[in-house]
Amino acid sequence: MTRERKKFEIDEHKREFLSRNQVCEICGKPATQLAHRIPQTETNLRIYGPSIIHHDLNLAAVCGLKHNAAVNIGRNPEAVKALVLQIRRDNDAR
Ligand SMILES: [Zn+2]
């Protein structure tokens with residue numbers, strides 16, 4: 001798959017996720033952005049792979065930067081480990 005095609009599919013997935021999740025999961029206000037629980041960094045993409053980083057369970061609809069930061073578990077290794085396991089189980093079940 002080409003890089004452009006892949007990027008297009010990820011963007012589509014994000015739009016589709018926000019259309020299903022329209023309120024901030026922290027405060028319930030209208031969601032304006034998509035947050036990643038395990039941050040979408042080059043390093044994390046290399047370590048965990050796109051199937052983890054772009055998975056629905058790693059995404060959260062939020063109202064802004066403050067609550068974007070609130071769902072970030074990047075500094076909590078135990079939480080990251082638990083979420084990665086949960087996503088792997090979900091990916092295996094598909
Ligand atoms: Zn909020």
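Please read these numbers as outputs of a predicted model, since none were measured by experiment. Counting starts at 1 for both ligands and their atoms, following the listed order.
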Self-check item: Which residues share a side-chain hydrogen bond (donor to acceptor under 3.5 Å, both in side chains) with D92, sequence neighbours left out
Solution: none
N/O donor to acceptor pairs below 3.5 angstrom from side-chain atoms of residues 56-69, sequence neighbours left out:
from: D56; atom 1: OD1; to: H13; atom 2: NE2; distance (Å): 2.6
from: D56; atom 1: OD2; to: R20; atom 2: NH1; distance (Å): 3.2
from: D56; atom 1: OD2; to: R20; atom 2: NH2; distance (Å): 3.0
from: N58; atom 1: OD1; to: R37; atom 2: N; distance (Å): 3.4
from: N58; atom 1: OD1; to: I38; atom 2: N; distance (Å): 2.7
from: N58; atom 1: ND2; to: I38; atom 2: O; distance (Å): 3.0
from: N58; atom 1: ND2; to: I53; atom 2: O; distance (Å): 3.0
from: N68; atom 1: ND2; to: Q33; atom 2: OE1; distance (Å): 2.6

Quiz item: Sorted by chain and residue number, which protein N/O/S atoms are under 2.8 Å from the Zn ion (ligand 1)?
Solution: C24 SG, C27 SG, C63 SG, H67 ND1
Practice problem: Return yes if a side-chain donor-acceptor contact under 3.5 Å exists between H36 and N72, otherwise no. | Solution: no
Quiz item: Quick check: does any side chain N or O of Q22 sit under 3.5 Å from a backbone N or O of S19, one acting as donor and the other as acceptor?
Solution: yes
Practice problem: Could you go through the salt bridge (charged side-chain N to carboxylate O under 4.0 Å, His left out) check for R46 and E42 one step at a time? | Solution: CA-CA 6 Å; R46 200 167 57 236; E42 286 296 325; 5.8 Å; no
Quiz item: Who are the salt bridge (Lys or Arg N to Asp or Glu O under 4.0 Å) partners of R88, not counting sequence neighbours?
Solution: none
